Amino acid sequence: MTTDTIEQNYPHLLERIRPVVDLPDKERLFFIEEDHWIGYDRAQKILNLLEDLLARPKKVRPQSLLIVGDPNMGKTTIILEFVKRHYTEVIEEPDSSFKVVKKPVINIAAPTSSDEKSLFIAILDHFFAPFRPTDPKAKLRQQAIHLMQRFQTRMLIIDELHNFLSGGPAGQRESMIALKNLSNELGLSIVGVGTKDAVQVLHTDPQHASRFDVAELPKWDLDTNFLKLLASYEKLLPIKYESDLKSKELATTLYQISSGNLGDLNKLLVACAKSAIETGEEKITHAIIMSHKDIKPTKGQRNIRYIDL
């Protein structure tokens, strides 16, 4: 196979990525900066857990899930992928021109003030519903319940659940009791997402711990799974030549710089891919990776990165 043929076919890339390589560099650089879903094994297992919860019949006491991990480990990305798949369902009524819009899954961020009223306001904000923050807690609760019943919501996802810890024990108990009551009344599965500290929220009441399974996204090890992850990333980077990121030299260097943190690995590979285009190298080399070695791990002390002007 000639070099020209390789450049035209780009066999190291996914088929849908290959046309991007022939776009102007400016458009390729923009494409690299966009979010791209990588369905690696751990992410797929979390998605399967969520799909299983959503598919279960309504119960008086539905099971819930807490997803935890270090910052920047891809928890929110997984949740957003799941929400995107189930954001709305439009069903046409038989023998009628009417359509029913369902929102089986809603996703909110945990309010920074952990109290029941703030929780209901966050739910109402998701629905873009008009309300007055000064309304009594009972009225806001009833509005939230009405909307979730109307749109047949079966799962409430709360990102940054560790925010509940900022409200002290009383606020934590209030928020968790409100979630338990919503879950019971609506047959609603609750999915919390947060750092490992979020597990502490479950200990405000023994009943909460029994309702929640916990799934942890740990840091990556330098193993076969990490090599598979690198191979998946490479298929998404629109550069002309194969870099062989899973080779021993490159994989070890990438792991040492990212310390197994998925977000930092992504940031590092984006920077390297952009350099590969801007320098005309059109592949990620060891030298390019080392030129970005100041992209430090998320956890722990980090050097501040200054940009040359």
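Model, not experiment: these values are computed from the prediction. Residue numbers start at 1 and run along the sequence shown.
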Enquirer: With the threshold set at 4.0 Å, does a side-chain nitrogen-carboxylate oxygen contact exist between K228 and D41?
Expert: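 So K228 pairs with D41 through a salt bridge.
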Enquirer: Does E185 pair with R141 as a salt bridge, N-O distance under 4.0 Å?
Expert: yes
Enquirer: More than 12 non-hydrogen atoms from neighbouring residues, nucleotides or ligands closer than 6.0 Å to NZ on K283, yes or no?
Expert: no
Enquirer: Could you give the distance from CG (L237) to CZ (R28), rounded to the nearest 0.5 Å?
Expert: 11.0 Å
Enquirer: Strictly under 6.0 Å, is that where the ring centroids of F131 and F120 end up?
Expert: no
Enquirer: Quick check: are there more than 12 heavy atoms from other residues, nucleotides or ligands sitting under 6.0 Å from CG of D35?
Expert: no
Enquirer: Decide, yes or no, whether a salt bridge links R18 with E15 under the criterion of side-chain N to carboxylate O below 4.0 Å.
Expert: no
Enquirer: Run the salt-bridge test on D52 and R56 with the 4.0 Å N-O cut-off and return the result as yes or no.
Expert: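 Answer for the salt bridge query: yes.
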Enquirer: Looking only at heavy atoms, what is the nearest atom pair of P133 and L140, with distance?
Expert: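 Between these two residues, the closest heavy atoms are O-CD1, 4.5 Å.
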Enquirer: With the threshold set at 4.0 Å, does a side-chain nitrogen-carboxylate oxygen contact exist between D135 and R132?
Expert: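 Yes, D135 and R132 are salt-bridged.
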Enquirer: Please report the closest heavy-atom contact between D244 and E234, naming both atoms and the distance.
Expert: N-OE2, 3.0 Å
Enquirer: If you measure only the distance, is there a donor-acceptor pair under 3.5 Å linking the side chains of H86 and E51?
Expert: yes
Enquirer: Once the angle between the rings of H36 and F31 is folded into 0 to 90°, is it parallel (under 30°), tilted (30 to 60°) or perpendicular (over 60°)?
Expert: tilted
Enquirer: Taking NZ, NE, NH1 and NH2 as the nitrogens, is one of them in K274 or E278 under 4.0 Å from a carboxylate oxygen of the other?
Expert: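 Here K274 does not pair with E278 in a salt bridge, since their nearest N and O are not under 4.0 Å apart.
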Enquirer: In this structure, which one of R85, R154, Q152 forms a side chain to side chain contact (heavy atoms under 4.5 Å, CB included) with P104?
Expert: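 Result: among R85, R154, Q152, R154 is the only option passing the side chain to side chain contact (heavy atoms under 4.5 Å, CB included) with P104.
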Enquirer: Between K117 and E174, does any NZ, NE, NH1 or NH2 come within less than 4.0 Å of an OD or OE carboxylate oxygen?
Expert: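 Result for this pair is no, no salt bridge flagged.
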